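Reading through the structure tokens given below for one structure.
Just so we're on the same page: letters track the sequence lines, and every chain starts at 1. Values reported hereafter were calculated over all heavy atoms of this structure, with side chains retained and with hydrogens, waters and symmetry mates removed. Here the structure is a predicted model, which means the values were calculated and not measured.
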2 protein chains.
Amino acid sequence: MSHAVPTILDVAAAAGVSKSVVSRALAGAYGVAPATVERVKQAASDLGYVANANARGMSAHRTHTVGAFVRDASTPFYGHLLTAFQLRAAERGYRVVTATGAGSFSIAEERRALETLVALRVEGLIVCSGALPVEDVLPFAQRIPTVVAGRPERDESVSSVYCDEHGGGTALADRVADLGHERVAVFTVARSGSLTQSARTDAMARQLGARGVDVVLVRLEDHGDDPRRLDSAVDHVVAVGGVTAIMAPSDHWAVGVLEAMRRRGLRAPEDLSVTGYDGIMPFATELFGITSWRQPLDVIGSLSVDDVVDQIDGVTSRATHTAIDGTLVPGRTLAPR
Amino acid sequence: MSHAVPTILDVAAAAGVSKSVVSRALAGAYGVAPATVERVKQAASDLGYVANANARGMSAHRTHTVGAFVRDASTPFYGHLLTAFQLRAAERGYRVVTATGAGSFSIAEERRALETLVALRVEGLIVCSGALPVEDVLPFAQRIPTVVAGRPERDESVSSVYCDEHGGGTALADRVADLGHERVAVFTVARSGSLTQSARTDAMARQLGARGVDVVLVRLEDHGDDPRRLDSAVDHVVAVGGVTAIMAPSDHWAVGVLEAMRRRGLRAPEDLSVTGYDGIMPFATELFGITSWRQPLDVIGSLSVDDVVDQIDGVTSRATHTAIDGTLVPGRTLAPR
DNA sequence: TTGTAAGCGTTATCAT
DNA sequence: ATGATAACGCTTACAA
């Protein structure tokens, strides 16, 4: 409990030099005698000195930090994005600090988390939330380089890097239509719940319609809020009759659908085909085998960092919008009619 | 691109008062005329003022921030922990900043991430890494309240909150023995790879032995580094002969085992029973059905935060070690012999 | 090569 | 109720 966290002055005293010399020596020795550098470094590590980033940021007007906001770190989707950020940021000489919502999905909470990042004076902002409206991001984006990752955006003042939801939903729907399904249920979530998920299901429904497939739209929010919601939705599908495939807004939802089916003794794809969306780790495994559409999160993460950093470094001035292509994950839950 | 981030002086000017008044008004109005408070708040929100946390931290000697280090945010295990931290910290009036390793699993990287947090002058540290040796944590723990979450620790100077690995491994092994298995393969990872995983598999092997079960120890690191490692391990188990169950160090590994079995036309639990460990979301679902041992991550996360915050607030002085009980997840991959 | 001093945006102490 | 003013720990001209 040696409460005294060493400051640059302690190091200076220990090395017998002034604090300016310490600062320069530790920064990268520009105009400091090699012997002195050695002495300073020794003293610093002896004392366990770690420069106060707050003080440094104030005087240097630079923090070399980008802030990442993720809506909910507990889902693998955001988790993968986070590690991708970290990896690329380190390569480009920046650190990443992350803030997340408090698990609750209130917009106010999310805005508060963003403010935490801004208060830290991060030099760039990466926002990942399917729910936070762009209007809440804009005030920050006008002041500091910002990129929205993982969802499409059209605004002029904020960059975005995302997987083409429309293209993915369309391609997946084509696949279903190709396999001869003539009546398909599309499960949707409220637009306010997830912009991305509703975008892709919109595309699915549209494309199925264009292909002459009969679409049964099942709004999940109409089926209550409890965990048994999907039972009710699946029952509904069965009651409608003639449906041979269900398209879910995400792998996560698809798992729920499969579980609900299982409780009813229905098997996929024998009784009913099922598709998901996202194609990330746990669900896209061979064992799970959900037919899905994979978003290359590592690419999205990497490009997001590049975008903010380029803006910070002044390489880029205008906001850019980058759509990444996804790929089909064949899986085993979708079969010909 | 109004590059000018407003400072307290801008707000003061806009409100026609001194910066001291702004500081007090925004902090919580102690000795400030109600009318003035109103004027200041208005000016602040007009300007989009967000106080510089770095400057505040310097002068106030408090950051009201705890730092969380997680080894790899992309796994649901750590992700759930993160949201639990966030939730509880918010309740106790602290913010959480998170740093993660760069996806690579180098100890140096992890130490660097810890230093990032310390540089930010977080008031407390929560470390979650199955790999980082405690010696690397100690130097920090001596200076700032620290808790290691998710793995047991015995050191006097650092708290820990963890799920009882020994108890869990033992209970799971008992379950397997109870079901009449007489020859069981236990898959293990290197102690240096994961302290927690090796702790639980040690307990499994020990208890199986105590119950008179024949234990086949399969060291996964002996089977190479490639993704096909588990194929080789499973082949080995089959070659040994007589094995009726495999106990994996985690659900993640168990999934791999199930996939490898699947490639060989082996089914669980008909041909071979399989158990995992962790019991968290994607794998412990009804659909996946892995027999496992659940760690209550929300409780661990919440208690971890309480521990650091209590240390910060001076409620607690000594390091504490808290073991949380887990629960059996029945699943469907373990059957009587 | 090294040291001195100013300033970064806050909060806290002390006057007014 | 309000306003100067001194820290806080660091970087960075500028001086020596």
Side-chain angles (χ1 to χ4, degrees), chain A residues 3-41 43-44 47-65 115-116 118-123 143-144, chain B residues 3-41 43-44 47-65 115-116 118-123 143-144:
Chain A
H3 210 145
V5 176
T7 75
I8 197 172
L9 286 171
D10 298 316
V11 179
V17 294
S18 77
K19 60 176 182 171
S20 338
V21 174
V22 175
S23 176
R24 286 187 292 245
L26 261 28
Y30 157 61
V32 184
T36 313
V37 172
E38 217 36 59
R39 204 145 34 89
V40 169
K41 282 189 172 165
L47 288 156
Y49 172 71
V50 177
N52 185 330
N54 304 102
R56 172 174 296 176
M58 288 203 55
S59 81
H61 298 286
R62 295 223 49 182
T63 58
H64 281 283
T65 300
E115 281 184 357
T116 291
V118 173
L120 256 20
R121 291 299 185 263
V122 296
E123 298 189 53
R143 290 243 168 69
I144 112 178
Chain B
H3 211 146
V5 176
T7 75
I8 196 172
L9 286 171
D10 298 317
V11 179
V17 293
S18 76
K19 61 176 181 170
S20 323
V21 173
V22 175
S23 176
R24 287 188 292 247
L26 260 28
Y30 157 61
V32 182
T36 312
V37 172
E38 217 35 60
R39 207 148 31 90
V40 170
K41 284 190 170 166
L47 288 152
Y49 171 71
V50 177
N52 185 330
N54 302 29
R56 173 175 299 182
M58 289 204 55
S59 105
H61 298 284
R62 295 223 50 182
T63 58
H64 280 283
T65 301
E115 281 184 356
T116 291
V118 172
L120 256 19
R121 292 300 185 263
V122 296
E123 298 188 52
R143 290 244 168 69
I144 112 178

**Complete:** Taken to the nearest whole Å, CG/B/N52 to P/C/dT11 is 10 Å
**Asked** Any side-chain heavy atom of A/R143 sitting closer than 4.5 Å to one from A/V118?
**Response** no
**Request:** Take the protein atom CE of A/M58 and the nucleotide atom P of D/dC8, then report the distance between them rounded to whole Å.
**Result:** 14 Å
**Asked** A/L120 versus A/T65: any side-chain heavy-atom pair under 4.5 Å?
**Response** no
**Prompt:** Is there a side-chain polar atom (N or O) of A/S23 under 4.0 Å from OP1 or OP2 of D/dC10?
**Reply:** no
**Prompt:** Taking the nucleotide of DNA chain C with the closest heavy atom to each, which residue, A/S20 or A/P34, is nearer the 5' end?
**Reply:** A/P34
**Message:** So B/A27, base contact, sugar-phosphate only, or nothing? Heavy-atom distance under 4.0 Å.
**Reply:** nothing
**Request:** Indicate, yes or no, whether a donor-acceptor pair under 3.5 Å links the base of C/dG9 to the side chain of A/R121.
**Result:** no
**Proximity to the side chain of A/S59 - top-ranked nucleotide from C/dG7, C/dG3, C/dG9** = C/dG7
**Message:** What is the distance, to the nearest angstrom, from the OH atom on B/Y49 to the C1' atom on C/dG9?
**Reply:** 7 Å
**Closest to the A/A55 side chain, choosing from C/dT10, D/dC10, D/dG3** = D/dC10
**Message:** Can you measure A/L9 atom CG to C/dA5 atom C1' for me and round it to whole angstrom units?
**Reply:** 14 Å
**Complete:** Considering only heavy side-chain atoms of A/V32, the closest of C/dT2, C/dC14, C/dT10 is C/dT2
**Length of the NZ-P vector between B/K19 and D/dG3, whole Å** = 13 Å
**Prompt:** Do B/S20 and B/R24 touch side chain to side chain, with heavy atoms closer than 4.5 Å?
**Reply:** yes
**Request:** Verify the contact: side-chain N or O of B/T36 to OP1 or OP2 of D/dA1, cut-off strictly under 4.0 Å; return yes or no.
**Result:** no
**Fill in**
On DNA chain C, more 5' by nearest nucleotide between B/V50 and B/R24 is B/V50
**Prompt:** Once you round it to whole Å, what is the distance between P of D/dA7 and CZ of B/R62?
**Reply:** 22 Å
**Prompt:** A/S18 side chain N/O closer than 4.0 Å to the phosphate oxygens (OP1, OP2) of C/dG3?
**Reply:** yes
**Prompt:** Distance from B/L9 atom CG to B/K19 atom NZ, nearest 0.5 Å?
**Reply:** 6.0 Å
**Fill in**
From CG of A/N54 across to P of C/dT11 the rounded distance in Å is 13 Å
**Item:** Nearest-nucleotide 5' precedence on DNA chain D, B/H61 against B/A33
**Value:** B/A33
**Message:** For a 4.5 angstrom cut-off between non-hydrogen side-chain atoms, does A/N52 reach A/T7?
**Reply:** no
**Prompt:** Between B/I8 (CD1) and D/dG3 (P), how many Å, whole number?
**Reply:** 12 Å
